[in-house]
Novice: 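Got a structure here, written out as C-alpha cells. Questions coming.
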Amino acid sequence: MEVQQLQDVILTTPAPDNNHVFYKENLIGTLLAIFGHFVISIALNLQKYSHIRLAGLKDPRSYFKTKTWWFGLLLMILGEIMVFSSYAFAPLSLIVPLSAVSLIASSLIGIIFIKEKWKPKEFFSCGLTIIGIYLLVTFGPNSHEKMTGDVIVRHLVSWPYLVYTLVEILAFCSLLYFYKQKNANYMIVILLLVALLGSTTVVSVKAVAGMIIVSIQGSMQLGYPIFYVMFVCMVATAIAQASYLSQASQLYDSALISSVNYIVSTSIAICAGAIFYVDFYGEDVLHLCMFSLGILLAFLGAFLITRTKKKKKTFEPYVTMSSLSGLQSMHDNGNAIQPDFGSFSYGTLQNNDSFSEIYTPATLPVVTEEASPATQDHNKTE
C-alpha cells in the first residue's frame, strides 16, 4: 500500500519547469550580445581615434605601432568573443537584432568623447531603438535546444530548411547574375547578397558556438563532422560578406549602408532562425505581435539614427568670384565662373550677353614701319 502511494506521488509530481532555465540562458545570451556590441563600438572608435591622431600630428609611425590601436584591437576581439558566445545561450532570432546596440553606442561615444551636440531627432531615434530592443528582448522566443551534433543534423536535413536553402540559392544566383553580368550596382542588390550570405553565417555561428559550449560543459561534440562543415560555412560566408560590403561602401554612403544592411540582414536572419532552429515554435500570438513591433521600432530607430548624422560637404571643383573678398564679381548675381561639375558645359565660361556691355575687347596698336632710302633704291633697281 505504501509503495503504491509512493508511486502515485512520483507519477503525479510535475516535471521541473524549464522556463526558468530558458529565461536564465536567454538573459546570459542577451547581456553577452549587448555588452559585446558596445565593446566593439568602443574598439572601432579607439582605432579611428588612433588614425586621426597620427594624421593630425603628422606622425610618420604606422598605426599598428601605437598603443591605442592595439588596445582597440584587443577590445574588438573581446567583443567578438562575447557576441559569438551569446549565440550558444539564446535563440538566433533574439540575438541578431541586438546589433542595433552598436549604433546607439556610437552616438553615445560621439557625445562623450567628440562632444557632439544632440538634436531632438537624435534623442527620438535612440529612444525608438531602445524601446524596440526592450520589446524584442521581453517578448522574444524563450526556448531553444542544446546544440548537439545530432540536433544540428536533424534540423539541417528537415524539409522546411531544404526548401528554404533552395529558394535562397536561386535568389542569390539571380542577384549575382544581375550584379555581375548586367552591372546592376544598386545598393539593395549588393545588400541582399550580403544578407543572404549573412543568414548562412549566423546559422553556422550558432551551431559552432553551441557545440563548443556543450563540449565545455562535458559532452564532447567536436568529433562530429557537422561541426567542421558549419565552421567552414561560417568562415567562407563571412569573408564573402566582407567583400560585398567593401564594394558597397565604395559606391554609397556608409551611414546609409549600415542602416539598410541592418534592416535587410536582420529580417532574413530571423527568417533563417525561425526555419532552421524553429525559434518561434509554441509562441502565442501576443508574443509574436509584440516581438514584431519591437523589430519594427528597432528598424525605424536605426534608420533615423543614420539619417540624422551630418553629411559631409561635397567638394565644388570651381571658384565663385563672390567668394573672393576685395574682388568685383564678373557676374552681377555672383554666379560661378564654371558650371556645375559633370554638366556638358563644364570647362567653358558661361555665355552672358552682359559681357559686351561691361568689358570691351582691347585693340592692339598697329605700328607701321617706314621704308629706309636704301630699301627704296633696291626696289627701284629690281
Side-chain angles (χ1 to χ4, degrees), residues 28-54 63-64 66-87 90 94-119 121-134 136-137 191 194 198 201-202 205 209 238 241-242 245-246 248-249 253-266 269 294-295 297-310 312:
I28 293 174
T30 301
L31 293 178
L32 283 173
I34 291 175
F35 284 109
H37 286 298
F38 192 81
V39 170
I40 290 172
S41 182
I42 295 175
L44 291 174
N45 281 275
L46 281 176
Q47 291 184 329
K48 182 179 179 180
Y49 171 75
S50 176
H51 287 279
I52 294 174
R53 186 178 180 183
L54 288 176
Y63 61 88
F64 56 83
T66 60
K67 296 180 180 179
T68 305
W69 188 86
W70 280 105
F71 183 62
L73 180 62
L74 292 176
L75 285 181
M76 183 180 296
I77 294 174
L78 176 62
E80 292 290 351
I81 292 175
M82 294 172 69
V83 175
F84 178 79
S85 303
S86 66
Y87 283 92
L94 179 61
I95 297 299
V96 170
L98 295 179
S99 57
V101 174
S102 60
L103 297 175
I104 302 175
S106 298
S107 301
L108 294 176
I109 291 171
I111 296 174
I112 297 173
F113 294 101
I114 311 179
K115 306 299 181 181
E116 292 181 350
K117 293 182 179 180
W118 265 23
K119 297 180 180 179
K121 291 182 180 179
E122 296 176 350
F123 280 106
F124 178 72
S125 304
C126 288
L128 278 180
T129 308
I130 293 173
I131 294 173
I133 291 174
Y134 172 78
L136 65 91
V137 169
L191 294 184
V194 174
T201 303
V202 293
V205 166
Q241 268 186 279
L245 278 177
S246 177
S249 62
D253 180 56
S254 59
L256 183 61
I257 289 174
S258 62
S259 61
V260 177
N261 182 54
Y262 169 72
I263 295 172
V264 178
S265 297
T266 302
I295 292 294
L297 291 178
F299 286 170
L300 180 60
F303 180 75
L304 292 178
I305 287 175
T306 56
R307 290 284 294 177
T308 53
K309 291 183 178 180
K310 295 181 179 179
K312 294 182 179 180

Novice: What are the two closest heavy atoms between Thr306 and Phe303, and how far apart are they?
Specialist: OG1-O, 2.8 Å

Novice: Considering non-hydrogen atoms only, spot the tightest contact between Thr201 and Ala238 and give its length.
Specialist: OG1-N, 3.8 Å

Novice: At what distance, to the nearest 0.5 angstrom, does CD1 of Ile295 lie from CG of Leu300?
Specialist: 13.0 Å

Novice: Apply side chain to side chain contact (heavy atoms under 4.5 Å, CB included) to Leu78 and Leu74, showing your working.
Specialist: CA-CA 6 Å; Leu78 176 62; Leu74 292 176; over 6 Å; no

Novice: Check whether any side-chain N or O of Ser41 sits under 3.5 Å from a backbone N or O of His37 as a donor-acceptor pair, and report yes or no.
Specialist: no

Novice: Go through the steps to decide whether Leu191 and Leu245 satisfy the test side chain to side chain contact (heavy atoms under 4.5 Å, CB included), and finish with yes or no.
Specialist: CA-CA 7 Å; Leu191 294 184; Leu245 278 177; 4.1 Å; yes

Novice: Which heavy-atom pair separates Met82 from Phe35 by the least distance, and what is that distance?
Specialist: CE-CB, 3.4 Å

Novice: How long is the gap from CG on Leu128 to CZ on Phe123, to the nearest 0.5 Å?
Specialist: 14.0 Å

Novice: Hey, does Asn261 have a side-chain heavy atom less than 4.5 Å from the side chain of Thr266?
Specialist: no

Novice: Restricting to non-hydrogen atoms, name the atom on Gly29 and the atom on Ala90 that form the minimum distance, rounded to 0.1 Å.
Specialist: CA-CB, 4.1 Å

Novice: Considering non-hydrogen atoms only, spot the tightest contact between Leu46 and Thr68 and give its length.
Specialist: O-CG2, 3.6 Å

Novice: If you look only at distance, which donor and acceptor atoms sit under 3.5 Å apart when one is on a side chain in residues 94-105 and the other is two or more places apart or in another chain?
Specialist:
| residue | atom | partner | partner atom | Å |
| --- | --- | --- | --- | --- |
| Ser99 | OG | Val96 | O | 3.2 |
| Ser102 | OG | Ser99 | O | 2.6 |

Novice: Got a second to check how far Gln241's CD is from Ser246's OG, nearest 0.5 Å?
Specialist: 13.0 Å

Novice: Let me see the working for Ser254 and Ser249 under side chain to side chain donor-acceptor pair (under 3.5 Å), right down to the final yes or no.
Specialist: CA-CA 6 Å; Ser254 59; Ser249 62; over 6 Å; no

Novice: Below 4.5 Å, heavy atoms only, C-beta onward: do Trp70 and Leu73 meet side chain to side chain?
Specialist: yes

Novice: Measure the spacing between CZ of Phe71 and CD1 of Ile42 and express it to the nearest 0.5 Å.
Specialist: 8.5 Å

Novice: Quick one: closest heavy-atom pair of Cys126 and Ile305, and the distance?
Specialist: SG-CD1, 3.9 Å

Novice: Out of curiosity, Ser86 OG to Ile81 CD1, how far, rounded to the nearest 0.5 Å?
Specialist: 12.0 Å

Novice: For Phe84, does the CZ atom sit with more than 12 other heavy atoms under 6.0 Å from it, leaving out its own atoms?
Specialist: yes

Novice: Give, for atom CG of Leu136 and atom CG of Leu297, the distance between the pair rounded to the nearest 0.5 Å.
Specialist: 9.5 Å

